[in-house]
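Numbers for residues simply follow the sequence, beginning at 1.
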Amino acid sequence: MIGPRAIGGLAVSVALSLQFAGALLASAEPLVAEVNPFHVNRGFSLVATGDAHLGNAELEGAVAAFGTFSSGQQNLPMRHHAAGNPQYTVPLIDGAPVRLLADRFVRNGNVDLTNADQSGTIAADSNEAVSTLRFADTSNLKLATRGGGVGPAAGRDFVRLTNADGGYIEVKALPFAGASLADLETQRDSVADYFPDLEADVAAVNACFASMYSNDLARQVTVVDEHGMAYVSGFSTTGPNVIDYADIAGKTVKLDRAAGYRPTQQAPLIVRGAAGLDTIGALRFEGWSADQDQTLSRHILLDLSQTTGTVRINGLEMGSIWAPGADLSFDSGASTNGQWFARDITTAGGGELHHHAFQGAIRCLDIPVPEVLPTPSEDPTPTVTPSPAPTVTVTETPAPLPVPTVTVTETPAPLPVPTVTVT
């Protein structure tokens, strides 16, 4: 489930079905929620709800495929870091760190899963250094032994995982001694089982995008075409900014009138793709370069929530891609930085894929509370979490002091007053 936070301190509990806290029942005001769409990735760099076929230069991160995984190379490197971002953690599946998760491993391509880290920032026994893989179906796989492992397998034979098509994966962090296929099989029946409520979450994210645009919850950036260049202005520094991809596609984007704007966690840049979009190229903002600052990628999002079919990615250097209804085909010589969520994912070319988790948020209006309150007959019995019993400090009352004995001396009656006769 995804839990967006509400602006202004109002807490909203969402399974992205946007339910409401009891404290808000009397309010008729619509709630504005902030949602990070890539919470659905659960820490993975790439999530394909279909198949993933990777044949580009390398992956620095982790990939999950609900269907099959295959390699389009004879030696696809899966590393922690070479030229990307070393400051990330790999996901845990069944308590184990993994860089690769899929239902099945197929085709005759090969993978070199090394966890290599050129930055030298991860410890030799860290999750990032000892990551392996998991498949839901291992019936077409077998183990072979190879020599010269790394990490915990250093100096010993490690596992080569071979499929029935002749493809293999060198799992260099897994010692061959004592290894079995059971070690590499998921405890759940499918990869989809590790992403519960996904259909509802994706639908709610898409609805949130639509709500943000229709309710003006993001700043629509002004784009002016002058001499074939796009001059942009009017950015917000406190909330999301939106630019339509069609307005800047293939153009140099001039920031002379942008008042120094750069994407931030508080003010991310959302690039909106149209329904018929079939290609995404470079975002040519002057002065924004992955060579100079890859961290900008964490605050740029390409919204393809309305896009279907196959979208070619060629030249995009920075930004996460939300494309739940589209297939992504990457064939670029330029490396890209961010996260992806799509149906099928296919990669080729000399470009690398670097993990940079999206850190911004989109905004959406919730339905006003009174309109969605259930009738009494529909109102489920609420789950009440009892408040913890208060801690009572008891101070012992001291025993009363003894009452002193009082001796009362009786006062004698006064003498009678004599009667005086006056002549």
If the plane angle is over 60° it's perpendicular, under 30° parallel, otherwise tilted; pick one for F235 and Y261. parallel
Going by the angle between their ring planes, with limits at 30° and 60°, are F341 and W322 parallel, tilted or perpendicular?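 Parallel.
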Validation row: [X], [Y] side chains within 4.5 angstrom (heavy atoms):
X    : Y    : result
L353 : T336 : yes
R219 : P240 : no
F195 : T49  : no
E286 : T252 : yes
L100 : I169 : yes
I362 : P37  : yes
R284 : K251 : no
L143 : L181 : yes

Could you tell me whether a side-chain N or O of [X] sits under 3.5 Å from a main-chain N or O of [Y], the two making a donor and an acceptor?
X    : Y    : answer
S45  : G338 : no
Y194 : I93  : no
S126 : A123 : yes
N241 : I270 : no
N337 : M318 : no
N215 : M212 : no
T264 : A267 : yes
D244 : A246 : no
E352 : S335 : no
N41  : G43  : no

Are side-chain N/O atoms of [X] and [Y] paired as donor and acceptor at under 3.5 Å?
X    : Y    : value
Q266 : T238 : no
T68  : D51  : yes
D117 : H80  : no
T145 : D157 : yes
H53  : T346 : no
R99  : N115 : yes
Y231 : D225 : no
S297 : H356 : no
D303 : S305 : yes

State the [atom1]-[atom2] distance between [X] and [Y], to the nearest 0.5 angstrom.
X    : Y    : atom1 : atom2 : result
L141 : T162 : CG    : OG1   : 8.5 Å
I300 : L269 : CD1   : CG    : 5.5 Å
S139 : F135 : OG    : CZ    : 12.0 Å
Q306 : N206 : CD    : CG    : 6.5 Å
E60  : Q118 : CD    : CD    : 8.0 Å
L184 : L133 : CG    : CG    : 5.5 Å

Minimum heavy-atom distance between [X] and [Y], given as atom pair plus value:
X    : Y    : result
V90  : N127 : CG2-O, 3.9 Å
L296 : P263 : CD2-CD, 3.9 Å
V224 : T222 : CG2-CG2, 4.0 Å
T186 : A136 : OG1-CA, 3.2 Å
L302 : L316 : CD1-CD2, 4.0 Å
S131 : L113 : O-CD2, 3.6 Å

Taking the six-membered ring of F69, is the NZ or CZ of R104 close enough (under 6.0 Å from the centre) and on axis enough (within 45°)?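 So R104 doesn't make the cation-pi contact.
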Has R312 got its NZ or CZ under 6.0 Å from the middle of the six-membered ring of F330, at an angle within 45 degrees of the ring axis? no
Give a yes or no on whether a salt bridge exists between [X] and [Y], defined as a side-chain N under 4.0 angstrom from a carboxylate O.
X    : Y    : result
D293 : R262 : yes
R79  : E58  : yes
R257 : E226 : yes
D165 : R107 : no

Could you give me the CA-CA distance, side-chain angles and deciding distance for L283 and V271, then say whether side-chain contact (heavy atoms from CB on, under 4.5 Å) is met? CA-CA 9 Å; L283 302 179; V271 179; 4.3 Å; yes
One pair to check against side-chain contact (heavy atoms from CB on, under 4.5 Å): H299 and Q359. What are the steps and the verdict? CA-CA 6 Å; H299 309 128; Q359 295 179 352; 3.6 Å; yes
Passing option when I321 is tested against L46, V311, I313 for side chain to side chain contact (heavy atoms under 4.5 Å, CB included): I313
Is there a side-chain contact (heavy atoms from CB on, under 4.5 Å) between F44 and V63 once you walk through the steps? CA-CA 6 Å; F44 284 93; V63 57; 5.6 Å; no
Over 12 foreign heavy atoms within 6.0 Å of CG, D189: no
Chi angles and distances behind the salt bridge (charged side-chain N to carboxylate O under 4.0 Å, His left out) call for E170, R146: CA-CA 8 Å; E170 309 279 33; R146 298 285 287 171; 3.4 Å; yes
Determine, stepwise, if the pair V221 / D247 fulfils side-chain contact (heavy atoms from CB on, under 4.5 Å). CA-CA 10 Å; V221 176; D247 291 340; over 6 Å; no
